[in-house]
**Q** 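One structure is given below, represented as structure tokens, and several questions about it will come after.
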Amino acid sequence: MSPRPFGAFSIPALELAPALLGSILVRSINGTRVAGRIVETEAYPGGDDLGSHSRGGRRTARNGAMFLAGGHAYVYLIYGMHHCFNVVSGRDGEGEAVLIRALEPLEGLDAMRARRGRSGDRDLCRGPGRLAAALEIDRKLDARRLGGQSGLWIECGTAPRKIVTSPRIGLGEVGPWASRRWRWCDAESIHLSRPARIGR
DNA sequence: ACCGAGATTGCG
DNA sequence: GCAATCTCGGTC
């Protein structure tokens, strides 16, 4: 049974974020598959969401990819050190994206370990910066369409039996929005994402 | 032009 | 607890 590509990227970020839980993020590096199951996501709608890079329609050299059509990659550098991978959602020009915050490592564990240096397997892909490093995702992939051409795509997986929601990490109390983070909560991988806690 | 804070991480 | 050090918005 061959894997089906995930395709429903044009829905709003608030719907895409939970829908992505359980699907498989795949990176092809020189023909080698490195992949993991998505277990933690955050929605970043644009518009009046003060926590979003695209708030108020702000458009810069860094966040331009956010305004592409759903199904593109938005990769940015944070703290001058780490890359964060987002799946652009919605329609062209809307400026919505879903941040992928954690994976359960499934394939290419040796390649992940090699890129992550000294790290326990549990921490290989736990955190946005860590999974970007493990899958060799950086600014070169920014604004690329997800798919075989870019060597980065998403395959349909298994829906979690249980999902928990909580506020986004690191934003504090931003406006009237409380729960915009989703975590796969089944027993076998609950420990692979960040526990619920209000940032800062 | 300068400065502080940020969707983070690893080391002390 | 803090340094690493890019990007951007606010302020001077």
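First the proteins, then the strands, lettered A, B, ... as listed; each starts at 1. Source: prediction; values computed, not measured.
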**Q** Expressed as a whole number of Å, how far does the P atom of C/dC2 sit from that of B/dG4?
**A** 16 Å
**Q** Taking only side-chain N and O atoms of A/Arg130, does any of them lie within less than 4.0 angstrom of OP1 or OP2 on B/dG10?
**A** yes
**Q** What is the distance, to the nearest angstrom, from the CG atom on A/Asp142 to the P atom on B/dA7?
**A** 17 Å
**Q** Residues in ring-ring contact (aromatic ring centres under 6.0 Å, His included) with A/Tyr76, at least two apart?
**A** A/His53, A/Tyr74
**Q** Starting from C1' on B/dT8, measure out to CG on A/Leu124 and report it in whole angstrom.
**A** 17 Å
**Q** Considering every strand shown, what is the Watson-Crick or G-U wobble mate of B/dT8 when both distances are under 3.5 Å?
**A** C/dA4
**Q** Look at atom CZ of A/Arg139 and say whether more than 12 heavy atoms of other residues, nucleotides or ligands are closer to it than 6.0 Å.
**A** yes
**Q** Are A/Phe85 and A/Met112 connected, step by step, through hydrophobic side chains (Ile, Leu, Val, Met, Phe, Trp, Tyr) whose heavy atoms are closer than 4.5 Å?
**A** yes
**Q** Quickly work out the A/His83 NE2 to B/dT9 P distance and round it to whole Å.
**A** 13 Å
**Q** In whole Å, I'd like the distance from the CG atom of A/Asp138 to the P atom of B/dT9.
**A** 16 Å
**Q** For B/dT8 and A/Arg101 - does any side-chain N or O of the residue sit under 4.0 Å from the phosphate oxygens OP1/OP2?
**A** yes
**Q** With C1' as the reference atom in both, quote the distance from B/dG10 to C/dT7 in angstrom, rounded to an integer.
**A** 22 Å
**Q** Can you tell whether the side chains of A/Asp49 and A/Arg180 come within less than 4.0 Å, N to carboxylate O?
**A** yes
**Q** Could you pull out the closest heavy-atom pair between A/Arg27 and A/Gly151, with the gap in Å?
**A** NH1-O, 3.2 Å
**Q** Once you round it to whole Å, what is the distance between C1' of B/dA5 and OH of A/Tyr76?
**A** 14 Å
**Q** Closer than 4.0 angstrom, basic N to acidic O: yes or no for A/Arg183 and A/Glu40?
**A** no
**Q** Whole Å only: how far is the CG atom of A/Asp123 from the P atom of B/dG10?
**A** 7 Å
**Q** Starting at CD1 of A/Ile137 and ending at P of B/dT8, how long is that distance when rounded to a whole Å?
**A** 16 Å
**Q** So if I take every side-chain heavy atom of A/Arg118 and compare against B/dG10, B/dA7, B/dC11, which nucleotide ends up nearest?
**A** B/dC11
**Q** Report the distance from atom CG of A/Leu131 to atom P of B/dT9, rounded to the nearest whole Å.
**A** 8 Å
**Q** Strictly under 3.5 Å: I want the nitrogen or oxygen pairs between protein and nucleotides 4-8 of chain C, one per line.
**A**
residue : atom : partner : partner atom : Å
C/dC8   : OP1  : A/Thr60 : OG1          : 2.6
C/dC8   : OP1  : A/Arg62 : N            : 3.0

**Q** If you measure from the P atom in B/dA5 to the same atom in C/dC12, how many Å do you get, rounded?
**A** 15 Å
**Q** Return the pairing partner of B/dC2 with a 3.5 Å limit on both distances, Watson-Crick or G-U wobble; otherwise return none.
**A** C/dG10
**Q** Please determine, by modelled atom types, if A/Arg181 and A/Ser166 share a side-chain donor-acceptor pair under 3.5 angstrom.
**A** yes
